[in-house]
Amino acid sequence: MAPIFEQTSEWNLIIALLIGIAFGWVLERAGFSTSRKLAGVFYGYDFVVIKVFFTAAITASLGLLFLNYFGVLDFSKVWMPTTFLWSTIVGGIIMGLGFILGGFCPGTSVCAVATGKIDALAFVVGITLGIFFYSFTYEYLWEDFREYGNIGNVKIGELIGVTEGVAVLIFILFGLFAFWLVDKIKKEYNIKDVEY
Amino acid sequence: MEDKSKKYMNPYIAGVLLGFVIMAAFFFSGEGIGGSGAFKDIVKTTVIDLAPKYAENSNYFKSAVEANESPMKSWLIFEVLGVLIGAAISAAFAGRLKLKIEHSPKISSKTRIIFAILGGALFGIGSQLGRGCTSGAGLSGMAVMSVSGFLVVVAIFGSGYLFAWFFRKLWI
């Protein structure tokens with residue numbers, strides 16, 4: 001039963017490298033190595049981020065649901081994050097501002113560095129500086145706040161009181177609506193493409 | 001002129017492929033994909049190697065010191081190395097390998113670099129507080145349908161839309 005490798009297995013590092021290669025390849029193919037394309041999602045001229053991101057999340061959540069249902073994957077043995085309401089919201093807000101200023105997120109910046117974008121290299125340097133700052137100010141600024149709003153390992157279905165399957169179905173419908181909406185917005189407001 | 005957007009993959013096909021990549025990560029290793037975590041490991045290794053005394057007494061580095069194994073031997077470090085390789089291969093085949101500073105014609109290269117560093121720094125801080133970035137906390141979190149994953153995605157994109165107007169000159 002999956003996961004195939006124990007957490008301590010060295011094989012995981014080889015798998016990680018292969019997964020990373022596939023991840024980087026798909027990101028580059030989708031156009032995620034250019035900040036101007038990524039930023040388009042916030043100005044309405046290119047919604048590729050929404051389309052790729054939510055299609056991936058839907059595919060993975062539906063796939064994992066089926067793998068679990070057919071007894072192939074043991075959900076209790078895979079990574080499942082604890083939800084900390086306040087630190088996640090504030091962390092997300094800081095990251096959103098970082099996205100607008102920098103035009104990348106960490107994964108896409110690494111992808112862009114590999115294709116030769118010097119601005120992405122600057123972003124990567126920034127990430128490292130940011131984590132240094134966080135680590136040196138950890139005790140004074142972040143340590144207590146980081147634990148705020150712990151509601152445990154909650155899944156979205158449990159939160160709204162539906163089964164896992166229904167929750168994934170709602171997610172799929174939401175995704176389809178979002179895909180329709182972003183195309184409509186671009187057409188309705190006649191937003192021009194940006195040259196880059 | 002050739003339409004640039006044609007050269008990129010259809011976003012829905014790319015999304016499905018990315019979904020399978022995430023599934024494979026869970027299937028083989030029980031792990032999600034990520035981005036910022038690798039930088040955390042690099043910072044931890046650097047500080048532990050250069051200032052072991054400081055690291056021992058710091059609440060942030062203490063657990064990594066006690067684990068007594070290099071944080072560089074982590075899943076995310078190897079995954080991010082893979083991202084570099086995979087993206088470079090893809091760009092090479094598509095003829096997109098090129099050194100450049102990409103920015104809006106309304107700003108200079110220097111402005112672009114300054115804001116890229118600032119943005120990266122904010123992402124670094126935010127990802128530590130929020131326990132992961134767009135991929136690690138958001139994408140992987142949504143894949144396992146955790147509240148945390150959806151929450152962080154709403155917060156990142158919500159905040160992006162909120163601040164977009166103020167910094168529009170950087171992009172359009």
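Below, read A as the first sequence line, B as the second, and so on, with proteins coming before strands; counting in each chain starts at 1.
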Side chain, backbone, both or neither: which part of [X] has an atom under 4.5 Å from a heavy atom of chain B?
X        : result
A:Ser109 : neither
A:Val154 : both
A:Phe133 : side chain
A:Leu159 : side chain
A:Val41  : both
A:Ala39  : side chain
A:Leu85  : both
A:Ile93  : both
A:Phe123 : both
A:Phe136 : both

In terms of heavy-atom pairs under 4.5 Å with chain A, which of [options] leads?
options                                : value
B:Gln128, B:Arg131, B:Lys40            : B:Arg131
B:Gly136, B:Gly34, B:Ser148            : B:Ser148
B:Ser29, B:Gly130, B:Gly35, B:Ala88    : B:Ser29
B:Gly124, B:Ser36, B:Ala87             : B:Ala87
B:Ile85, B:Leu99, B:Ile42, B:Asn59     : B:Asn59
B:Ser135, B:Gly158, B:Gly149, B:Ser140 : B:Ser140

With side chains defined as the heavy atoms from C-beta onward, is the minimum distance between [X] and [Y] less than 4.5 Å?
X        : Y        : answer
B:Phe26  : A:Pro3   : no
B:His103 : B:Ile101 : yes
B:Phe123 : B:Cys133 : yes

Quiz item: Quick check, are the ring centers of A:Trp142 and A:Tyr134 under 6.0 angstrom apart?
Solution: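 Yes; A:Tyr134 has its ring centre under 6.0 Å from that of A:Trp142.
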Practice problem: Return yes if a side-chain donor-acceptor contact under 3.5 Å exists between A:Lys117 and A:Thr115, otherwise no. | Solution: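 Yes, a side-chain donor-acceptor pair sits under 3.5 Å.
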Quiz item: For residues B:Arg96 and A:Thr34, is any side-chain donor paired with an opposing acceptor at under 3.5 Å?
Solution: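 Their side chains do not contain a donor-acceptor pair, so the 3.5 Å distance test is not met.
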Show the atom names and distances, to 0.1 Å, of all donor-acceptor pairs under 3.5 Å that link a side chain in residues 12-24 of chain B to residues at least two apart or in another chain.
none

Quiz item: Hey, mind stepping through A:Tyr148 and A:Phe145 against ring pair (Phe, Tyr, Trp, His ring centres under 6.0 Å) and telling me if it holds?
Solution: CA-CA 5 Å; A:Tyr148 276 23; A:Phe145 184 63; 5.2 Å; yes
Quiz prompt | Under 3.5 Å: donor-acceptor pair, side chain of B:Arg112, backbone of B:Ser104 | solution =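 No, the answer is negative, given that no donor and acceptor are paired below the 3.5 Å cut-off.
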Self-check item: Cluster overlap A:Phe84 with B:Met142, hydrophobic side-chain contacts below 4.5 Å
Solution: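 Hydrophobic grouping puts A:Phe84 apart from B:Met142.
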Quiz item: Are A:Ile170 and A:Leu65 connected, step by step, through hydrophobic side chains (Ile, Leu, Val, Met, Phe, Trp, Tyr) whose heavy atoms are closer than 4.5 Å?
Solution: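 Hydrophobic grouping puts A:Ile170 apart from A:Leu65.
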Exercise. Please work out whether the ring planes of A:Phe99 and B:Phe157 are parallel, tilted or perpendicular, with thresholds of 30° and 60°.
Key: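 Because their plane-to-plane angle lies in the 30° to 60° range, the rings of A:Phe99 and B:Phe157 count as tilted.
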Quiz item: Does the pair B:Tyr161 and A:Tyr43 meet the rule for a ring pair (Phe, Tyr, Trp, His ring centres under 6.0 Å), with working shown?
Solution: CA-CA 8 Å; B:Tyr161 281 108; A:Tyr43 298 98; 8.7 Å; no
Quiz prompt | Residues of residues 61-74 of chain B with any heavy atom under 4.5 Å of a heavy atom in chain A | solution =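 When heavy atoms of chain A are the reference, residues 61-74 of chain B contributes B:Phe61, B:Lys73, B:Ser74 within the under-4.5 Å range.
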Quiz item: Of all of A:Val78, A:Ile21, A:Ile14, A:Ile58, which one pairs up most often with chain B through heavy atoms under 4.5 Å apart?
Solution: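 Highest number of pairs under 4.5 Å: A:Ile21.
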Quiz prompt | Salt bridge A:Asp46-A:Lys51, side-chain N to carboxylate O under 4.0 Å | solution =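 No, A:Asp46 and A:Lys51 are not salt-bridged.
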